Amino acid sequence: QVVRQCPSAPVSAWHILGTVLDAMGVLTLSAVEGEVVDKVEIKTALVSVYDKTGLKELGEFLAEHKVHVLSTGGTAAKLREYGCTVQDVADYTGSPEILDGRVKTLHPKVHGALLAARGNEKHEAEMKEHGIRPIDLVVVNLYPFREAVSKGGDFANCIENIDIGGPCMIRASAKNNAHVTIVSDPGQYKKLMEQVRGNKGSTTLAFRRNLAAAAFALTSAYDAAVSQWMATQVEEPPTTKTVSFEIERPLKYGCNPHQLPAGLCSVNGGKLPFDVVAGIPGYINLLDAVNAWQLVYELAKATGKPAAASFKHASPAGAAIGVPLSEAEVEVYEVKGKPLSPVATAYVRARNADPMCSFGDFVAVSHVVDVATANILKIEVSDGIIAPGFEPEALEILKAKKGGKFIVLQADNDFVPPEMEYRMCGGLGFMQKRNDKICDATLLEKVVTSKKDLSEQAKLDMILGMIAIKYTQSNSVGYSKDGMMIGVGAGQQSRVDCVKLAGRKLSTWRLRFHSKVVGLKFKEGVKRQDRVNARVRYIEGDMDEAEYAQWVTQFDSAPDPLTDEEKSEFLSGLSGVTIASDAFFPFRDSIDHAQKLGVQFVAQPGGSVADEEVIKACDSYGMTMAFTNLRLFHH
């Protein structure tokens with residue numbers, strides 16, 4: 001209002017107004033005038049690199065183009081070897097390196113050369129007055145701070161590896177991208193040389209701005225690494241959290257085709273937990289892979305046996321350990337006559353918990369994939385696998401699957417995920433400590449029912465159940481028996497609905513062993529997955545006329561129906577089942593339903609106001625229940 005009404009206000013009034021507006025956060029710096037041109041010829045370069053990868057080729061290139069080079073220490077010595085005309089920065093500035101090399105390039109003659117606006121008469125006059133030589137190209141990379149931390153350096157060592165001069169030069173050069181080319185990574189050398197050769201010794205404005213953007217991203221990530229480490233060294237960590245993502249490979253799209261761009265990123269300069277060996281993984285494939293890998297890794301550690309998981313949409317359709325199959329299981333799972341190693345057996349069990357849902361699954365196994373496992377995978381409809389290694393012949397079998405499109409990821413057994421997890425949703429940021437709690441037999445020591453005995457097999461099944469639901473979308477409940485999940489209920493708002501959903505899957509699994517189901521006579525040529533689906537629909541028995549007419553064409557003759565009475569009688573013979581829950585049972589209704597399905601063992605956190613009611617229900621059915629005191633929600 002003052003500006004509009006008092007254009008002739010005295011200077012002091014403008015000063016007061018400026019101070020007020022500045023305090024309100026209104027004013028920002030005005031742009032410095034200068035000439036902006038497309039092409040800037042590279043005449044003088046400042047090169048100071050810690051990582052000397054590619055320096056020989058770059059040095060010879062600079063010598064070829066007769067670029068005057070300012071440099072320091074070891075970099076200067078190397079560049080002289082490569083034929084460059086090199087002037088030491090100390091000679092240029094008239095100031096020696098001091099303080100054990102902490103101060104080399106922090107000088108007005110360096111930063112004035114980087115920040116001067118060319119074509120600005122005042123700037124150019126000041127440069128001439130102070131003997132400042134324009135610098136057109138800066139090649140800098142930074143002290144290896146992350147490496148110092150990862151090697152377990154003490155506080156003083158890590159502090160010494162915080163680069164100061166490098167980031168200052170990078171930021172100054174990037175800010176002045178209208179006139180200065182900043183190269184901050186050896187991976188950019190090739191593009192720089194192509195650019196200069198293609199533009200008669202110059203770089204273009206678009207190229208300089210691209211490099212400037214990369215430079216600011218680099219210093220941001222570097223500062224983030226320092227900030228994260230420093231926060232672990234103090235009593236009062238800052239409330240601002242910084243996380244940097246580096247796009248390692250672009251993805252075709254996110255959850256849906258319209259969600260672009262999408263990418264797979266490493267976090268905070270770390271490495272990925274796997275290598276892509278074959279195929280092109282998608283966003284959901286990778287969510288399945290990392291969740292499934294964590295599940296089998298933990299399961300193998302906890303049980304000492306090979307583990308496998310079959311994942312769909314970030315939850316397990318099945319998970320299992322390598323316990324030998326019975327003759328009946330060999331027949332029902334259609335693996336008669338096939339060699340079955342412990343690893344292969346683990347996957348056969350995982351796949352056959354819910355083979356309809358496992359259609360197009362992503363597989364994880366905890367051990368090296370052998371030929372037996374690869375041959376099982378060869379006959380199943382599946383999108384990909386993650387494992388710590390592959391026998392050569394097994395890898396060739398998998399790489400040939402789906403015409404070469406089958407995804408093969410090799411997991412790093414030694415990878416440890418960061419302690420903290422961060423995510424964004426709806427414009428909000430969330431952070432939490434990673435769920436690194438170990439689910440093992442120590443969680444089963446608090447048995448709260450009258451019946452206390454837990455066999456080794458029961459303990460294995462309870463551990464399996466806990467780890468499986470740890471990586472299942474909550475609310476979740478899972479049934480397990482004989483080393484395999486036989487029903488997983490995921491993502492329900494009501495716990496008893498989880499129990500019933502998982503129970504329906506358990507019933508379907510069990511009824512596949514009924515003589516009528518085993519004896520179904522399919523026509524020659526009916527595909528494996530079609531047989532799986534047909535058996536499930538036969539068990540469910542709720543087909544309408546049109547569906548039945550299509551279904552029955554798969555058989556030599558129409559099968560006799562499986563009656564409700566036959567189902568109930570067959571299911572009544574089931575026993576030795578374990579149920580695991582990711583949170584407490586709030587009512588006894590879940591136990592009442594579970595007892596119909598042969599449940600004898602229960603693993604749950606406890607902590608409900610209805611605990612006593614639930615314990616009494618278990619006692620009335622002769623169940624053994626352990627309170628783990630560990631909630632396992634997963635979202």
Side-chain angles (χ1 to χ4, degrees), residues 32 34 40 42 44-55 58-59 62 67 69-76 79 89 92-93 97 101-118 132-148 159-193 195-196 203-230 242 244-247 268-269:
V32 173
V40 174
I42 305 299
T44 300
L46 191 160
V47 184
S48 180
V49 293
Y50 187 91
D51 178 0
K52 294 178 173 54
T53 302
L55 186 61
L58 177 65
L62 295 175
V67 176
V69 177
L70 302 174
S71 192
T72 60
T75 305
L79 290 173
V89 168
Y92 165 66
T93 61
E97 290 186 15
R102 283 190 169 192
V103 178
K104 301 176 185 177
T105 57
L106 295 170
H107 193 281
K109 289 188 71 173
V110 172
H111 286 274
L114 301 180
L115 288 166
R118 300 181 193 181
I132 296 174
R133 176 178 188 144
I135 296 174
D136 313 297
L137 169 66
V138 175
V139 181
V140 175
N141 54 59
L142 306 178
Y143 292 167
F145 174 76
R146 286 194 181 99
E147 288 79 357
I159 285 290
E160 204 57 43
N161 278 276
I162 299 174
D163 202 324
I164 302 300
C168 288
M169 288 190 290
I170 289 174
R171 288 175 59 83
S173 304
K175 176 174 180 174
N176 203 21
N177 61 80
H179 313 294
V180 182
T181 303
I182 172 62
V183 174
S184 53
D185 188 303
Q188 298 167 339
Y189 293 172
K190 183 179 178 182
K191 287 186 177 180
L192 170 69
M193 291 185 283
Q195 171 80 186
V196 173
T203 61
T204 64
L205 180 60
F207 180 73
R208 295 192 297 277
R209 285 183 175 172
N210 285 340
L211 290 183
F216 281 123
L218 173 70
T219 56
S220 173
Y222 193 84
D223 286 342
V226 174
S227 171
Q228 289 162 19
W229 171 77
M230 197 71 184
T242 51
S244 63
F245 282 13
E246 177 75 22
I247 299 175
N268 295 330

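Quick caveat, the model's predicted, so the values are computed rather than measured. Here, residue 1 is the first one in the sequence, and each next residue gets the next number.
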### Query
Just by modelled atom types, is the Asn268 backbone N or O under 3.5 Å from a matching donor or acceptor in the Glu246 side chain?
no

### Query
Can a cation-pi geometry be assigned to Lys109 and Tyr92, taking NZ or CZ under 6.0 Å from the six-membered ring centre and within 45° of the ring axis?
yes

### Query
Will you find, in the side chains of Thr181 and Arg208, an N or O donor that is under 3.5 Å from an N or O acceptor?
no

### Set of residues satisfying side chain to side chain contact (heavy atoms under 4.5 Å, CB included) with respect to Pro108, sequence neighbours excluded
none

### Query
Which residue pairs pass the salt bridge (Lys or Arg N to Asp or Glu O under 4.0 Å) test when at least one of the two sits in residues 159-174, sequence neighbours left out?
Arg102-Glu160

### Query
Atom CD1 in Ile170, atom CG in Leu211: separation rounded to 0.5 Å?
11.5 Å

### Message
To the nearest 0.5 Å, what is the distance between CG on Leu79 and NZ on Lys52?
### Response
9.0 Å

#### Entry: For Asp185, all residues meeting side chain to side chain contact (heavy atoms under 4.5 Å, CB included), sequence neighbours excluded
Gln188

#### Entry: Residues in side chain to side chain contact (heavy atoms under 4.5 Å, CB included) contact with Val226, at least two apart in sequence or another chain
Phe145, Ile162, Tyr222

### Task
Taking side chain to side chain donor-acceptor pair (under 3.5 Å) as the test, write out the residues that go with Ser220, two or more places apart.
none

### Query
Measuring from Met169:CE to Leu115:CG, what's the distance to the nearest 0.5 Å?
12.0 Å

### Task
Return the set of residues passing side chain to side chain contact (heavy atoms under 4.5 Å, CB included) with Ala221 (not counting sequence neighbours), or none when no residue passes.
Arg146, Ser244

#### Entry: Gap separating the CG atom of Leu218 from the CG atom of Leu142, nearest 0.5 angstrom
5.0 Å

### Validation row: Val49, Val139 side chains within 4.5 angstrom (heavy atoms)
yes

### Message
I want to check something: taking the side chain as every heavy atom from C-beta on, are Leu205 and His179 in contact at a cut-off of under 4.5 Å?
### Response
no

### Task
Would you tell me whether Ser48 and Thr75 have side-chain atoms, one donor and one acceptor, within less than 3.5 Å of each other?
no

